**Student:** 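Sharing a structure with you now.
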Protein chains: 2
Amino acid sequence: MCTHLEAKDTLEIECSIEKALSVLGGKWTFLIIRDLFCGKRRFGELRRSLCGISPKTLSLRLKELETKGIIERTAYPTIPPTVEYALTEKGKSLKKIIKEMKLWGANWG
Amino acid sequence: MCTHLEAKDTLEIECSIEKALSVLGGKWTFLIIRDLFCGKRRFGELRRSLCGISPKTLSLRLKELETKGIIERTAYPTIPPTVEYALTEKGKSLKKIIKEMKLWGANWG
DNA sequence: CCGGATCCCAGTTGATACTG
DNA sequence: CAGTATCAACTGGGATCCGG
């Protein structure tokens with residue numbers, strides 16, 4: 001039996017996967033989160049690590065993730081500016097998904 | 001310690017997550033696979049289930065997934081034509097990822 | 001000098017009509 | 001029914017610019 005929609009099978013209710021994708025679906029999102037599982041990261045560190053991302057897209061994704069409560073932004077009023085990004089508890093709860101993707105990629109990719 | 005790159009830490013080697021994303025990263029991909037976990041589906045069934053996808057994009061994603069060995073296409077020479085899409089073993093191996101995403105979406109989405 | 005913001009361009013996706 | 005063709009809308013890439 002198909003169970004896209006858990007509670008009420010109406011078109012207005014999104015299934016859980018759609019909810020997860022509304023947070024994780026953007027391009028680069030998984031890779032940003034993967035990086036942050038290694039610890040706090042600065043804007044420039046992320047940019048270099050995510051080889052190929054444009055600053056515009058990185059900025060956009062970070063804002064989205066912050067809005068959705070997945071990451072936390074901390075700015076220090078230094079010169080030059082220092083900004084750190086870190087996972088929140090909600091962000092850390094994505095660990096199992098990341099782990100399963102990593103396992104799959106290692107075995108089948 | 002960070003382990004993006006499992007074996008050799010050179011820029012040429014993609015990490016496992018990137019490999020998984022190269023298969024799963026396209027828009028709608030997860031949702032198509034989710035649908036196929038419920039069993040074989042025809043083109044029109046997928047189109048109606050994935051509320052909002054255009055036939056062009058659906059066609060594109062299905063071809064990609066077929067090329068990558070995730071799904072299998074079977075066409076019957078009937079009039080009107082009948083085409084069925086189903087997960088391969090490699091496709092079914094994505095189950096844990098889908099399951100974790102579903103759990104996360106249910107708890108945090 | 002770092003963290004972005006802006007502008008313009010290319011590639012993707014969406015909407016819709018149409019065909020074998 | 002299962003797609004393809006066409007065009008419009010959006011998203012991301014790349015370079016540049018700027019305030020602190």
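Numbered from 1 within each chain, the chains take letters A, B, ... in sequence-line order. Predicted model only: the values in this text are computed from it and were never measured. In what follows, every heavy atom counts, from backbone to side chain, and hydrogens, waters and symmetry copies are set aside.
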**Student:** What is the distance, to the nearest angstrom, from the NZ atom on A/K40 to the C1' atom on C/dG3?
**Tutor:** 18 Å
**Student:** Is there side-chain contact between B/F43 and B/L62, with at least one heavy-atom pair below 4.5 Å?
**Tutor:** yes
**Student:** Closer than 4.0 angstrom, basic N to acidic O: yes or no for A/R42 and A/E45?
**Tutor:** no
**Student:** Starting from C1' on C/dA15, measure out to CG on B/L60 and report it in whole angstrom.
**Tutor:** 16 Å
**Student:** Would you tell me if any nitrogen or oxygen in the side chain of B/T57 comes within less than 4.0 Å of OP1 or OP2 on C/dG14?
**Tutor:** yes
**Student:** Which angle, to the nearest 10 degrees, lies between the helix axes at the two ends of the helix from C/dC1-D/dG20 to C/dG20-D/dC1, each defined by five pairs?
**Tutor:** 30°
**Student:** Would you say the side-chain atoms of B/S93 pair up with the backbone N or O of B/K90, donor to acceptor, closer than 3.5 Å?
**Tutor:** yes
**Student:** I'd like to check the side-chain hydrogen bond (donor to acceptor under 3.5 Å, both in side chains) partners of A/E84; sequence neighbours left out, ordered by chain and number.
**Tutor:** A/Y76
**Student:** Reading DNA chain D 5' to 3', which nucleotide is the first, and which the last, to come under 4.0 Å of any heavy atom in chain A?
**Tutor:** D/dG12 to D/dG20
**Student:** On DNA chain D, check which nucleotide each of A/S54 and B/E45 is closest to and give me the residue with the more 5' one.
**Tutor:** B/E45
**Student:** Please tell me if A/R47 has a side-chain N or O lying less than 4.0 Å from either OP1 or OP2 of C/dG3.
**Tutor:** no
**Student:** Under 4.5 Å between side-chain heavy atoms, counting indirect links through other Ile/Leu/Val/Met/Phe/Trp/Tyr residues: same cluster for B/L65 and B/L60 or not?
**Tutor:** no
**Student:** With sugar-phosphate meaning primed atoms plus P, OP1 and OP2, does B/G26 contact a base, only sugar-phosphate, or nothing at under 4.0 Å between heavy atoms?
**Tutor:** nothing
**Student:** If you measure from the Lys or Arg side-chain nitrogens to the Asp or Glu carboxylate oxygens, is any gap between A/E66 and A/K63 under 4.0 Å?
**Tutor:** no
**Student:** Would you kindly give the NZ-to-P distance between A/K27 and C/dA10, to the nearest whole Å?
**Tutor:** 16 Å
**Student:** Would you mind reading off the distance between A/E66 atom CD and C/dG4 atom C1', rounded to a whole angstrom?
**Tutor:** 13 Å
**Student:** Please report, rounded to the nearest Å, how far the C1' atom of C/dG3 is from the CZ atom of A/R61.
**Tutor:** 18 Å
**Student:** Measuring only between side-chain heavy atoms, which start at C-beta, is A/I71 closer than 4.5 Å to A/L36?
**Tutor:** yes
**Student:** Counting N and O atoms only, with roles assigned by atom type, does the side chain of A/E100 sit under 3.5 Å from a partner on the main chain of A/I97, one being a donor and the other an acceptor?
**Tutor:** no
**Student:** Side chain of B/K68, backbone of A/G109: donor and acceptor closer than 3.5 Å?
**Tutor:** no
**Student:** Over how many whole Å does the gap from B/I53 atom CD1 to C/dT12 atom P extend?
**Tutor:** 16 Å
**Student:** Using atom types as modelled and distance alone, determine if a side-chain donor or acceptor of B/T88 lies under 3.5 Å from a backbone N or O of B/E72.
**Tutor:** no
**Student:** Just wondering, do A/V83 and A/T74 contact through their side chains at under 4.5 Å, heavy atoms?
**Tutor:** no
**Student:** Tell me whether B/L103 shares a hydrophobic cluster with B/I33, the cluster being built from Ile, Leu, Val, Met, Phe, Trp, Tyr side chains joined at under 4.5 Å.
**Tutor:** no
**Student:** Within residues 72-84 of chain A, which residues have any heavy atom lying less than 4.0 Å from an atom of DNA chain D?
**Tutor:** A/P80, A/P81
**Student:** Extract from the structure each pairing of a protein N or O with an N or O of nucleotides 5-7 of chain C at less than 3.5 Å, listing the distance.
**Tutor:**
from  : atom 1 : to    : atom 2 : distance (Å)
C/dA5 : OP1    : A/K63 : NZ     : 3.3
C/dA5 : OP2    : A/S59 : OG     : 3.2
C/dA5 : OP2    : A/K63 : NZ     : 2.8

**Student:** Are any of the side-chain heavy atoms of B/K96 and A/W104 separated by less than 4.5 Å?
**Tutor:** no
**Student:** Could you give the side-chain donor-acceptor pairs of residues 50-57 of chain B under 3.5 Å, partners two or more places apart or in another chain?
**Tutor:**
from  : atom 1 : to    : atom 2 : distance (Å)
B/S54 : OG     : B/T57 : N      : 3.3
B/S54 : OG     : B/T57 : OG1    : 3.0

**Student:** Measure the distance from CZ on B/F43 to P on C/dG20 and round it to the nearest whole Å.
**Tutor:** 17 Å
